[in-house]
Amino acid sequence: MRVLVTGGAGFIGSHVVEALAARGHEPVVFDRRVDIDDDVREGRAVARALSGVDAVCHQAALVGLGKGFDDAARYVSHNDFGTAVLLAAMAEAGVRRLVLAGSMVVYGEGRYLCERHGTVRPGPRAQGDLDAGRFEPGCPRCGADLSPGLVAEDAPVDPRNVYATTKLTQEHLAASWARATGGSAVSLRYHNVYGARMPRDTPYAGVASFFRSALARGESPRVFEDGRQRRDFVHVRDVARANVAALESDSPPSGVLTVYNTGSGQPHTVGEMARALADAHGGPQPVVTGEYRLGDVRHVTADSSRLRAELGWKPEVAFAEGMTEFARAELREDATR
């Protein structure tokens, strides 16, 4: 299969390219790092790249929370307008298979249980609570303590920041494209992806990159809130294999968007991850700061059983193994996926 990989020279995209080649496919890299004209917002460049292509693996995106709302137009331009241009070109070229790099951020907060009211959906945390160090959301009905759980693909979406909104918009565009063309579209909602070639020293990268960059500078990783926020850290090679599984699968139906959570299935706290990374690197040890970022959620961890059941995928890189490797892994200098 000849597969166009947008963002194919970036963090996740470069691993997808390697995984495709290892399976005997022909990946075609479309990335501004390789050619300045390779911009998904440029219709003519995309049309040329689609020549002879059987499928598209769309990884190109600006990632992370950004520096503030001033970044909104840039995020929408790259992530949403770029996706619309790509999908329009695919419709014109007759390319009918798409795998999209989705994100767990579309859910907002994860799944919570209240002993009295069952499954509940807390709203955004109040700034006053965060200032006071009250990081755990309470039950929106009675204020009681909640127990976090795994969020499944049928959970309501509730994007809490610009980046999350653009990722959800990408899915809506892909669903519209699939309905209009009869194409097959899959969105892999990545959890916290980490591994070699992550961008370094940038406000746009994920928490794993923040910590790894600090350690490379000889500094302690700075852990926000109290470090007890739960995430699912999934290795980039496992994410790349999930993309290949989605491209090779015969099960995704035509005319609709199929969504799969893509995580390790083993939640860890941010503090645990910082300590594991610091230990593997040889220090210094992390510092819990109590700081916070508006737009961050407290707990969100994936139920990835659907991906395992329907596509036969399962993660292979365990948390301890992955952190040991990542502690010495190469980082990259740019901020895009």
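By the 4.5 Å heavy-atom criterion applied to side chains, T119 and Y112 are not counted as neighbours. Counting heavy atoms from C-beta outward, V297 and R160 have side chains that approach closer than 4.5 Å. Between P284 and L215 the shortest side-chain heavy-atom distance falls below 4.5 Å. Looking at L277 and T324, their side chains never come closer than 4.5 Å, going by heavy atoms from C-beta outward. Contact check for F30 versus V5: no side-chain heavy atoms found under the 4.5 Å cut-off. Taking 4.5 Å as the limit, some side-chain heavy atom of V207 sits within range of a side-chain heavy atom of F233.
Closest approach of G265 and D232 over heavy atoms only: N-OD2, 2.8 Å.
Around CZ of R121, the count of heavy atoms belonging to other residues, nucleotides or ligands within 6.0 Å exceeds 12. A 6.0 Å sphere centred on CZ of R2 holds more than 12 heavy atoms belonging to other residues, nucleotides or ligands. Applying the 6.0 Å contact sphere to CD of E115 captures no more than 12 heavy atoms from other residues, nucleotides or ligands. Annotation: E92, atom CD; neighbour count of heavy atoms from other residues, nucleotides and ligands within 6.0 Å does not exceed 12. The neighbour count for D145 CG, taken as heavy atoms of other residues, nucleotides or ligands under 6.0 Å away, does not exceed 12. Sparse packing is recorded around CZ of R141, with 12 or fewer heavy atoms of other residues, nucleotides or ligands lying under 6.0 Å away. Residue-environment remark: CZ (R217) exceeds the threshold of 12 foreign heavy atoms within 6.0 Å.
Proximity of a side-chain donor or acceptor of K167 to a complementary backbone N or O of M104 within less than 3.5 Å is not detected. When atom types are taken as modelled, the side chain of E26 and the backbone of L20 share no donor-acceptor pair closer than 3.5 angstrom. No side-chain donor-acceptor contact under 3.5 Å links R200 to the backbone of A214. In this structure, the side chain of D238 engages the main chain of V317 through a donor-acceptor pair within 3.5 Å. For S176 (side chain) and H172 (main-chain N/O), a donor-acceptor pair under 3.5 Å exists by modelled atom type. Panel note: side chain N79, backbone L62; a donor-acceptor pair is recorded below 3.5 Å.
Side-chain polar atoms of S304 and N261 form no donor-acceptor pair below 3.5 angstrom. No side-chain N or O of Q59 forms a donor-acceptor pair with one of T6 less than 3.5 Å apart. A donor-acceptor pair shorter than 3.5 Å can be found between the side chains of H299 and E136. Side-chain atoms of D71 and Y163 include no donor-acceptor pair closer than 3.5 Å. Between the side chains of D279 and Q285, at least one donor-acceptor pair of N or O atoms lies under 3.5 Å. In summary, the side chains of R230 and T269 do not present any donor paired with an acceptor at a separation below 3.5 Å, with no hydrogens or angles considered. Judged by distance alone, the side chains of R96 and S184 never bring a donor and an acceptor atom under 3.5 Å apart. Judged purely by distance below 3.5 Å, without hydrogens or angles, the side chains of H58 and T83 pair a donor atom with an acceptor atom.
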Evaluation steps, ring-ring contact (aromatic ring centres under 6.0 Å, His included), between H235 and Y194: CA-CA 5 Å; H235 197 276; Y194 73 96; 5.2 Å; yes

From CA spacing to verdict: side chain to side chain donor-acceptor pair (under 3.5 Å), S14, R197: CA-CA 9 Å; S14 63; R197 305 173 208 153; 2.8 Å; yes

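Distance check, rounded to the nearest 0.5 Å: OG of S187 to CD of E171 gives 3.5 Å. Distance check: L173 CG to T166 OG1 gives 10.5 Å after rounding to the nearest 0.5 Å. Note that the CG atom of L331 and the CZ atom of F11 stand 9.5 Å from one another [nearest 0.5 Å]. Once rounded to the nearest 0.5 Å, the distance linking CG of L150 with OG1 of T301 reads 4.5 Å.
A salt bridge between R237 and E325 is present, with a side-chain N of the basic residue lying under 4.0 Å from a carboxylate O of the acidic one. The pair D39-R32 counts as a salt bridge, with a side-chain nitrogen and a carboxylate oxygen less than 4.0 angstrom apart. R298 has no carboxylate O lying under 4.0 Å from a charged side-chain N of E109, or vice versa, which leaves the two without a salt bridge. A salt bridge is absent between E18 and R241: the closest approach of a Lys/Arg side-chain nitrogen to an acidic carboxylate oxygen does not fall below 4.0 angstrom.
One hydrophobic cluster, built from ILVMFWY side chains closer than 4.5 Å, holds both V105 and F69. Cluster annotation: F319 is connected to F326 through the hydrophobic network of ILVMFWY side chains, with a link wherever side-chain heavy atoms come within less than 4.5 Å. The cluster map of Ile, Leu, Val, Met, Phe, Trp and Tyr, joined by side-chain heavy atoms under 4.5 Å apart, puts L311 and V3 in the same cluster. Tracing side-chain contacts under 4.5 Å through hydrophobic residues (I, L, V, M, F, W, Y), one reaches L294 starting from F135; they form part of the same cluster. Residues L307 and V151 do not share a hydrophobic cluster, clusters being chains of Ile/Leu/Val/Met/Phe/Trp/Tyr side chains in contact below 4.5 Å.
Here the rule is side-chain contact (heavy atoms from CB on, under 4.5 Å) with V17, and of V29, V28, N243, I12 only V29 fits it. With Y260 as the partner, the side-chain hydrogen bond (donor to acceptor under 3.5 Å, both in side chains) test is satisfied by one option alone out of E310, E153, R189: E310.
Residue pairs meeting the salt bridge (Lys or Arg N to Asp or Glu O under 4.0 Å) criterion with at least one partner in residues 45-61, sequence neighbours excluded, are absent.
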